[in-house]
Amino acid sequence: MSKFPLPPSPDPDAEPAERRAPRGAIGSLRWFRSLLGRPLKLERRGADLHISRIERRRTPDAIRAAELDQLRDELRTRLLEHDHEHHAAVLRHLVFVHDVLGRQGWPGVGAMDARVLGKALAQAQMLASREGSAGLSTLVEQLRLLQVAAGLREERLGRAPAAAAVEAAMAPPREHVE
């Protein structure tokens, strides 16, 4: 057995320990050094501009929310490029996905019908083929996964026979041999 005990394992649910030096009084050298050691941003509050610090450490939920907002902004921009009424009607499934992403996030999109997700996936692939970007490729990948999951969910719940009947109705007629 060693002389030195092992350090306790960190609790994954615990907040990270604050390791920064304490803030000094406003205007002191310690306060000024703390300002220079962190990233700053300029923000508008009413008619005034203020300099504020940016917190470097963000929670994983905050990172995911920021990525989702960025994805929605890019999708909104792409959808607004098509300002004709005809395009809005054609891309309505993708617009619906955009709205659900804003209200409920990816879990809400995952709860959507597989047919709607399939049409939205085709529309997203069409937009990505015109002008590809990292955001649109992420959207296409997620929609593909969610559409497969929704199809399996509907198959388990017994909604697949209706889809099979539609596919059978669209298939070319076969001659029956008796």
Cationic N near anionic O, under 4.0 Å, Arg76 to Asp73 = yes
Taking all non-hydrogen atoms of both residues into account, name the closest pair between Val100 and Gly108 and its distance.
-> CG1-C, 3.5 Å
Any sub-3.5 Å donor-acceptor pair from Glu43's side-chain atoms to His50's backbone N or O?
-> no
All heavy atoms of Gly135 vs all of Leu71, minimum pair found to be O-CD1, 3.0 Å
Show your reasoning for whether side-chain contact (heavy atoms from CB on, under 4.5 Å) applies to Leu94 and Leu127.
-> CA-CA 10 Å; Leu94 196 55; Leu127 285 179; 3.5 Å; yes
Side-chain heavy-atom pair Asp99, Val95 within 4.5 angstrom cut-off = yes
Looking only at heavy atoms, what is the nearest atom pair of Gly110 and Leu146, with distance?
-> CA-CD2, 3.8 Å
From CD (Glu74) to CG (Asp69), nearest 0.5 Å = 13.0 Å
Determine, using the 4.5 Å side-chain heavy-atom cutoff (strictly less than), whether Leu68 and Leu75 are members of one ILVMFWY cluster.
-> yes
Dump the intermediate steps for side-chain contact (heavy atoms from CB on, under 4.5 Å) on Met112 and Val109, then the final yes or no.
-> CA-CA 5 Å; Met112 293 170 62; Val109 175; 4.2 Å; yes
CD of Glu67 to CZ of Arg72, rounded to nearest 0.5 Å, is 15.0 Å
For Gln104, look at atom CD and say whether over 12 heavy atoms of other residues, nucleotides or ligands are found less than 6.0 Å away.
-> yes
Can we say Arg153 and Glu155 salt-bridge, meaning some charged N sits less than 4.0 Å from an Asp/Glu carboxylate O?
-> no
State the CG-CH2 distance between Leu143 and Trp106, to the nearest 0.5 angstrom.
-> 5.5 Å
Taking every non-hydrogen atom, the tightest pair across Ala114 and Gln147 = O-CG, 3.6 Å
For Arg144, check side-chain hydrogen bond (donor to acceptor under 3.5 Å, both in side chains) against everything at least two apart and list the hits.
-> none
Kindly indicate, with the supporting measurements, whether the criterion side-chain contact (heavy atoms from CB on, under 4.5 Å) is fulfilled by Leu136 and Leu139.
-> CA-CA 5 Å; Leu136 281 179; Leu139 178 70; 4.2 Å; yes
Could you tell me the separation between the CZ atom of Arg115 and the NE2 atom of His93, rounded to the nearest 0.5 Å?
-> 9.5 Å
Might you work through the side-chain contact (heavy atoms from CB on, under 4.5 Å) test for Leu91 and Met126, ending with a clear yes or no?
-> CA-CA 10 Å; Leu91 298 174; Met126 179 185 68; 3.5 Å; yes
